[in-house]
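Some notes on the structure that comes next.
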There are 2 protein chains.
Amino acid sequence: MHTVDCLQRDNSPASQTDVPPGCEASPEHVSLCRLLAHIPLLNGLSDQEISRFARGVREFKAEKGEVLFHRGDPCHGFHFLLEGQIKLAFTSSDGHEKVIEIMRPGHSFGEAVMFMDKPYVVMAQTLTDCRLLHIAKNVVFEEMSRDPLFCRKIIAGLSQRLHHLIADVETYSLRNGRDRIIGYLLREEEMNGDQVTQGRVSVRLPTNKGTIASRLNLTQEHFSRVLHDLIDSGLIEVEGRTIHIVDIERLRDSLN
Amino acid sequence: MHTVDCLQRDNSPASQTDVPPGCEASPEHVSLCRLLAHIPLLNGLSDQEISRFARGVREFKAEKGEVLFHRGDPCHGFHFLLEGQIKLAFTSSDGHEKVIEIMRPGHSFGEAVMFMDKPYVVMAQTLTDCRLLHIAKNVVFEEMSRDPLFCRKIIAGLSQRLHHLIADVETYSLRNGRDRIIGYLLREEEMNGDQVTQGRVSVRLPTNKGTIASRLNLTQEHFSRVLHDLIDSGLIEVEGRTIHIVDIERLRDSLN
DNA sequence: GCGCGCCTTTAACCTGAGTCAAGTTTCGAA
DNA sequence: TTCGAAACTTGACTCAGGTTAAAGGCGCGC
């Protein structure tokens, strides 16, 4: 478990897919462009813009347990997660850790800090083997000064995140552990299920229970106890990381 | 204590300082422009841009205790606080209230929700008589599509807010009540004092203790108890809403 | 200057959630 | 297939902070 030296590599031109103008069709560049075309922030951009963007993008892998950055590290761009899971967390001086978010493929992180030109306030660590993109600050800023629509998307993204975070603050301060867990299960189910579901459904926890407990501001022990309370009430069944919700309507009603 | 009907008025052209082109110098318009020129988000804009902006801005007053908007109300723009204090808070179904932020002159709020085109998730209530500006969505969006620098400022503002909120989540989850209060006093002092201060300093609480307690995720009673613990430890003295910090260095050291 | 409300304090008690310390299960590597 | 580490569970105990209730106190309008 060591720090990925992605930030250093950023400054080395050799590692970038740097293609002389007029001949921008190296295989790496093309495949990178294909990846980029799928990220929501960039959709709507022309091929040319994507291609220009790609010059500031680096694809890389990280093994399970690697720390991408620590609190206090300088920020040279933001990350986009292609595959795997990553936790964002802070650690108190006495070693306690609080997970803020568990990132999944398609999520990006680190934008806010990048825009403020400040060091990271949280740390990021992979929970599984991962494949990511690192998008350098300068190409983002260039595109921003060129394209108001791109700005709009960034603004929409930041607003969304602010919204989620406020919802988190609300649940942390207004709901007890049991309700936070139920709320989490319901949201998790909602993410998977395409349509509104009824009756019996199953949810698979994205990672180990300790991490999820921390995400919900609980200890692992308390999380375990609440889960078993819910089993005793006949609301759920637990099979390793899979939670079977016996009757989702009844679970919803048991809130509040 | 009733809801200000600002949102309705928004749609009535008569209430806007609507001046025919080429003759934009009504006294209200001019004084509004003068106000706008001072708000950080708009500085750097030309007189013409400010003037155009002013057409979507409405100045208004609200008495102590008025609710500007409730959770669930539609959002037609954002607010800028000129004078007074306002709390942003959410309320749980069982009547409990959690204050998220106490706004002071120069702060703005409601941008994120405006950009997402969603109803408010929090409520806003004045703590004192207030004077505010309401900036309509459409002029913001217009200016955004015109001016990337303006976008940059909005992005910077949102990033900043995200940053603060994350810091809040950190203190809520990693620090106990005593440390949250000490941290609050130190930050409050920092805001007032121009240079780094030493020794004895005084801080005046911006509003009543119950509200501040809620802002720090504490009950009024617990807040009171901690304050008196700190008095017993000789760290502070309390005189109504004024807290005298006996020795700020010692208070800092008592953290952690 | 009086009296009424609303903050604020204080005390006694309660409880949700954390801590500590054993277990027990699971799972991956050898 | 076994071994060991990590994840999870369980129980007993502790404690920070919430609840309830009853006084103060102080600011403000009349």
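Everything numeric here is computed off the predicted structure, so don't read it as measured data. By convention in this document, chain letters (A, B, ...) are assigned in the order of the sequence lines, proteins followed by strands, and residues within each chain are numbered from 1.
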Nucleotide [N], atom [atom2] - distance to [atom1] of [X] in whole Å:
X: R175(A); N: dG16(C); atom1: CZ; atom2: P; answer: 16 Å
X: R241(B); N: dG25(D); atom1: CZ; atom2: C1'; answer: 14 Å
X: N176(B); N: dC15(D); atom1: CG; atom2: P; answer: 14 Å
X: I212(B); N: dC7(C); atom1: CD1; atom2: P; answer: 13 Å
X: L216(A); N: dG16(C); atom1: CG; atom2: C1'; answer: 16 Å
X: E239(A); N: dC8(D); atom1: CD; atom2: P; answer: 15 Å
X: R178(B); N: dG18(D); atom1: CZ; atom2: P; answer: 16 Å
X: H96(B); N: dT20(D); atom1: NE2; atom2: P; answer: 8 Å

Could you check whether [X] pairs with [Y] (Lys NZ or Arg NE/NH1/NH2 to Asp/Glu carboxylate O, under 4.0 Å)?
X: D232(B); Y: R225(B); value: no
X: R161(A); Y: E101(A); value: no
X: E188(A); Y: R241(A); value: no
X: R252(A); Y: E189(A); value: no
X: K87(B); Y: E97(B); value: yes
X: E59(A); Y: R131(A); value: yes
X: D168(A); Y: R215(A); value: yes

- Produce a footprint string for nucleotides 25-30 of chain C: one letter per nucleotide, 5' end first; B if the base is under 4.0 Å from any protein heavy atom, S if only the sugar-phosphate is, - if neither. ------

- Item | dG18(D) phosphate, OP1 or OP2, under 4.0 Å from T219(B) side-chain N/O |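 The answer is yes; a side-chain N or O of T219(B) sits under 4.0 Å from OP1 or OP2.
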
- Whether H79(B) and F69(B) hold their rings parallel, tilted or perpendicular, with breakpoints at 30° and 60°: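 H79(B) vs F69(B) ring planes: tilted.
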
- Query: Are any side-chain N or O atoms of T126(A) and backbone N or O atoms of I86(A), one a donor and one an acceptor, separated by less than 3.5 Å?
  - Reply: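 Side chain of T126(A) to backbone of I86(A): no pair is present.
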
So which protein nitrogen or oxygen atoms get under 3.5 Å of nucleotides 9-13 of chain D's nitrogens or oxygens?
residue, atom, partner, partner atom, Å
dT9(D), OP1, K209(A), NZ, 3.3
dT9(D), OP1, H228(A), NE2, 3.3
dT9(D), OP2, S224(A), OG, 3.0
dT9(D), O5', S224(A), OG, 3.3
dT10(D), OP2, H228(A), ND1, 3.4
dG11(D), N7, R225(A), NH1, 3.3

